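Please read all numbers here as calculations on a predicted model, not as lab measurements.
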Amino acid sequence: MFNVTFESGCRNNWHIHHAKEGGGQILICVAGNGLYQEWGKPVQHLKPGDIVNIKPGIKHWHGAADDSWFSHLAIEVPGTDCSNEWLEKVE
């Protein structure tokens, strides 16, 4: 489990959590205003108390809204042969 804090407008790159079995990631939003998006879907706005369950194999990104910092707990779901694939920057 990791406590991750983003400054305003900061986002990670698109990425995928891979696993043969199990795996994925759970985000528990704790402070500020955040954003989350899966490939091909609209951006979701996140606030404290929101939970995002990211299944393995889903291309996505997350980070802070343009006008607010954002903090979440990131829980790496246990699995077999887990790895992260980091991809392009968010436009």
Side-chain angles (χ1 to χ4, degrees):
M1 181 183 308
F2 304 92
N3 183 1
V4 182
T5 301
F6 298 87
E7 63 183 29
S8 298
C10 180
R11 291 150 189 161
N12 55 30
N13 286 10
W14 287 97
H15 59 285
I16 302 170
H17 303 280
H18 294 286
K20 264 192 184 174
E21 293 181 21
Q25 186 179 51
I26 298 170
L27 305 179
I28 301 173
C29 307
V30 295
N33 294 307
L35 301 171
Y36 170 80
Q37 185 178 20
E38 294 181 1
W39 188 257
K41 295 185 179 180
V43 173
Q44 297 177 31
H45 292 266
L46 303 175
K47 62 187 182 327
D50 288 344
I51 298 173
V52 181
N53 185 5
I54 306 163
K55 300 292 184 189
I58 301 296
K59 184 175 178 178
H60 68 283
W61 65 268
H62 37 99
D66 288 335
D67 61 352
S68 174
W69 62 279
F70 177 61
S71 184
H72 65 59
L73 300 177
I75 301 168
E76 299 298 320
V77 178
T80 304
D81 294 331
C82 293
S83 65
N84 293 330
E85 179 182 2
W86 291 97
L87 304 164
E88 66 272 18
K89 289 186 176 192
V90 173
E91 295 292 328

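If you take OG on Ser8 and CG on Asp67, they are separated by 7.0 Å, rounding to the nearest 0.5 Å. Rounded to the nearest 0.5 Å, atoms CH2 (Trp39) and CD1 (Ile58) are 13.0 Å apart. Here the SG-CD distance, from Cys82 to Glu21, works out to 10.0 Å after rounding to the nearest 0.5 Å. The CG atom of Leu46 sits 12.5 Å away from the CD1 atom of Ile28 when rounded to the nearest 0.5 Å.
By the 4.5 Å heavy-atom criterion applied to side chains, Ile26 and Ile51 are counted as neighbours. You'll find the side chain of Asn12 reaches within 4.5 Å of the side chain of Trp86, heavy atoms only. By the 4.5 Å heavy-atom criterion applied to side chains, Leu87 and Asn13 are not counted as neighbours.
With respect to Glu88 and Lys59, a salt bridge is recorded, a charged nitrogen being found less than 4.0 Å from a carboxylate O.
With 3.5 Å as the limit, one finds a donor-acceptor pair spanning the side chains of Asn3 and Ser71.
A continuous path of hydrophobic side-chain contacts links Val90 to Val43 [ILVMFWY only; heavy atoms under 4.5 Å]. A single hydrophobic cluster is not seen to contain both Leu35 and Ile54; linkage of ILVMFWY side chains at heavy-atom distances under 4.5 Å, directly or through other members, places them apart. A continuous path of Ile, Leu, Val, Met, Phe, Trp and Tyr side chains, each step under 4.5 Å between heavy atoms, connects Phe70 with Val4, placing both in one hydrophobic cluster. Linking Ile, Leu, Val, Met, Phe, Trp and Tyr residues whenever their side-chain heavy atoms come within less than 4.5 Å places Leu73 and Val77 in a single cluster. Met1 and Tyr36 fall into different hydrophobic clusters, defined by Ile, Leu, Val, Met, Phe, Trp and Tyr side-chain heavy atoms under 4.5 Å apart, directly or through other members.
Counting all heavy atoms, side chain and backbone alike, Pro56 lies closest to Gly22 at CG-O, 3.2 Å. Of all heavy-atom pairs between Pro48 and Ala31, the closest is CG-CA, 3.7 Å.
For Lys41, the salt bridge (charged side-chain N to carboxylate O under 4.0 Å, His left out) criterion is met by Glu38, not counting sequence neighbours.
Pairs engaging residues 70-85 under the salt bridge (charged side-chain N to carboxylate O under 4.0 Å, His left out) rule: Lys20-Asp81 [sequence neighbours left out].
The aromatic rings of His60 and His62 lie parallel to each other, their planes meeting at an angle below 30°, with 60° marking the opposite boundary. Relative orientation of the Trp61 and Trp14 rings is perpendicular, given thresholds of 30° and 60° on the angle between their planes.
Applying the 4.5 Å side-chain rule to ILVMFWY residues, one finds that Trp69 remains a lone member of its cluster.
When each of His17, His15, His18 is paired with Asn84, the side chain to side chain donor-acceptor pair (under 3.5 Å) condition holds for His17 and for no other.
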